[in-house]
Amino acid sequence: MEQKLKPISRAGIGEATSKAQVYRYLNEPGEAESICRDILAVEADNQTALRLLGLAITDQFSGQTSDRYSEADSVFRGLTNDYERIYHLGILRERKAKAQLRAGRPPHTVLPIFEEAMSFFADAEKISPPNNDDAILRWNRCVRLLESRLGSEWRKEMEEFDASEGPPV
């Protein structure tokens, strides 16, 4: 039997989008990603599928070098709505930072990623649609995560270095 991808119908895109969302809710991001790729094969600029694909990729972050950060970044940059693009680029960074913390990375190495996420959320807040506080909610979550650890965990002081103790020149 020939193993070849089959295209979905344009008429099936709405139902496929709903299924992708359900698979994300069921914590099956691989399934959601596959469906989004099927939708995008038929309708390359489908904004909902792009958004869901980027989120499905970030759902799979484990804090390892194999995480597909640049792929998710590229997907989110394909969003045409400025607010959606900026907000989701913040989500990407927030999820990257949280995954790296879960993987045991030292907090001070993850702090710049949280700060970058918060910068995106601040920018998104400035252009958010009326009555949409999503960027504020994400900002507040980052603040609470940063407050959950001692300040010394987030900021590592450089140890004093005496140049005279280095190797001979």
Side-chain angles (χ1 to χ4, degrees), residues 17-40 46-129 131-162:
T17 301
S18 295
K19 285 186 185 338
Q21 187 66 53
V22 167
Y23 279 118
R24 281 201 63 239
Y25 291 151
L26 293 173
N27 198 25
E28 294 190 31
E31 303 298 326
E33 179 181 348
S34 178
I35 292 168
C36 289
R37 292 189 186 284
D38 289 336
I39 295 167
L40 293 167
N46 184 300
Q47 296 295 290
T48 303
L50 283 170
R51 181 176 48 80
L52 288 172
L53 174 60
L55 291 170
I57 292 169
T58 66
D59 289 341
Q60 298 174 63
F61 286 174
S62 63
Q64 304 303 316
T65 57
S66 60
D67 286 346
R68 297 176 290 154
Y69 304 124
S70 60
E71 183 180 356
D73 187 83
S74 177
V75 169
F76 287 140
R77 288 188 188 278
L79 295 172
T80 57
N81 177 282
D82 289 339
Y83 170 78
E84 288 288 322
R85 183 177 52 258
I86 294 166
Y87 174 75
H88 284 91
L89 288 169
I91 290 284
L92 162 63
R93 274 116 184 120
E94 179 188 4
R95 289 182 170 194
K96 176 180 181 180
K98 290 195 287 191
Q100 290 189 1
L101 279 178
R102 282 191 309 273
R105 303 287 186 285
H108 72 275
T109 65
V110 178
L111 178 62
I113 305 168
F114 274 117
E115 290 172 339
E116 191 177 2
M118 293 172 75
S119 177
F120 277 106
F121 294 141
D123 290 345
E125 180 188 355
K126 294 174 190 169
I127 60 171
S128 67
N131 304 315
N132 181 334
D133 291 333
D134 289 352
I136 294 170
L137 296 171
R138 299 305 337 143
W139 168 279
N140 288 347
R141 177 60 179 142
C142 289
V143 169
R144 287 185 179 101
L145 281 168
L146 295 175
E147 289 176 343
S148 70
R149 295 174 184 252
L150 298 173
S152 60
E153 289 184 71
W154 294 112
R155 306 242 184 247
K156 182 176 180 176
E157 300 296 323
M158 290 286 292
E159 294 179 8
E160 285 195 32
F161 175 72
D162 182 356

J.: Please list, chain by chain and in numerical order, all residues satisfying side chain to side chain donor-acceptor pair (under 3.5 Å) with N132, sequence neighbours excluded.
T.: Y83

J.: Are the ring centres of Y87 and F76 closer than 6.0 Å?
T.: no

J.: Please identify each residue that fulfils salt bridge (charged side-chain N to carboxylate O under 4.0 Å, His left out) with E71, with sequence neighbours left out.
T.: R37, R68

J.: Would you call L101 and F114 a side-chain contact if the rule is heavy atoms closer than 4.5 Å?
T.: yes

J.: Look at D123 together with R85 and state whether they make a salt bridge at an N to O cut-off of under 4.0 Å.
T.: no

J.: Please name all residues satisfying side chain to side chain donor-acceptor pair (under 3.5 Å) with S62, sequence neighbours left out, ordered by chain then number.
T.: D67

J.: Tell me, please, which residues at least two apart from E28 pass side chain to side chain donor-acceptor pair (under 3.5 Å).
T.: none

J.: With D73, which of R95, K96, R93 fulfils salt bridge (Lys or Arg N to Asp or Glu O under 4.0 Å)?
T.: R93

J.: Heavy atoms only: give me the nearest L92-A72 pair and the separation to one decimal.
T.: CD1-CB, 3.8 Å

J.: Do the side chains of Y23 and N27 get nearer than 4.5 Å, heavy atoms only?
T.: no

J.: Could you tell me the separation between the CZ atom of F120 and the NE2 atom of H88, rounded to the nearest 0.5 Å?
T.: 13.0 Å

J.: Could you go through residues 136-143 and list every donor-acceptor pair under 3.5 Å that involves a side-chain atom there, pairing it with any protein atom two or more places apart or in another chain?
T.:
unit_1, atom_1, unit_2, atom_2, d
R138, NE, E94, OE1, 2.9
R138, NH2, E94, OE1, 3.4
R138, NH2, E94, OE2, 2.5

J.: CG of L40 to CD1 of I35: how many Å apart, nearest 0.5 Å?
T.: 12.0 Å

J.: For a quick test of reading the model, state the closest non-hydrogen atom pair linking Q47 to L79 and the distance between them.
T.: OE1-CA, 3.2 Å

J.: On a heavy-atom basis, which atom in V75 and which in G54 lie closest, and how many Å separate them?
T.: CG1-N, 3.6 Å

J.: In Å and rounded to the nearest 0.5 Å, what is the CG to NZ distance from L145 to K98?
T.: 6.0 Å

J.: Shortest non-hydrogen contact from A124 to A135?
T.: CB-CB, 4.0 Å

J.: Between the main-chain N or O of G63 and the side-chain N or O of R105, is there a donor-acceptor pair closer than 3.5 Å?
T.: yes

J.: Looking at OG1 of T48 and CD of E84, how far apart are the two atoms once the value is rounded to the nearest 0.5 Å?
T.: 8.5 Å

J.: Return the set of residues passing side chain to side chain donor-acceptor pair (under 3.5 Å) with D38 (not counting sequence neighbours), or none when no residue passes.
T.: none

J.: When rounded to the nearest 0.5 angstrom, what distance separates CD in Q21 from CG in L52?
T.: 5.0 Å

J.: State, yes or no, whether a side-chain contact exists between M118 and L146 at a heavy-atom distance under 4.5 Å.
T.: yes

J.: Restricting to non-hydrogen atoms, name the atom on G90 and the atom on A117 that form the minimum distance, rounded to 0.1 Å.
T.: O-CB, 3.5 Å

J.: Which heavy atom of P29 sits nearest to which heavy atom of A56, and what is that distance?
T.: CB-O, 3.4 Å

J.: Roughly how far apart are T58 OG1 and I91 CD1, rounded to 0.5 Å?
T.: 7.5 Å

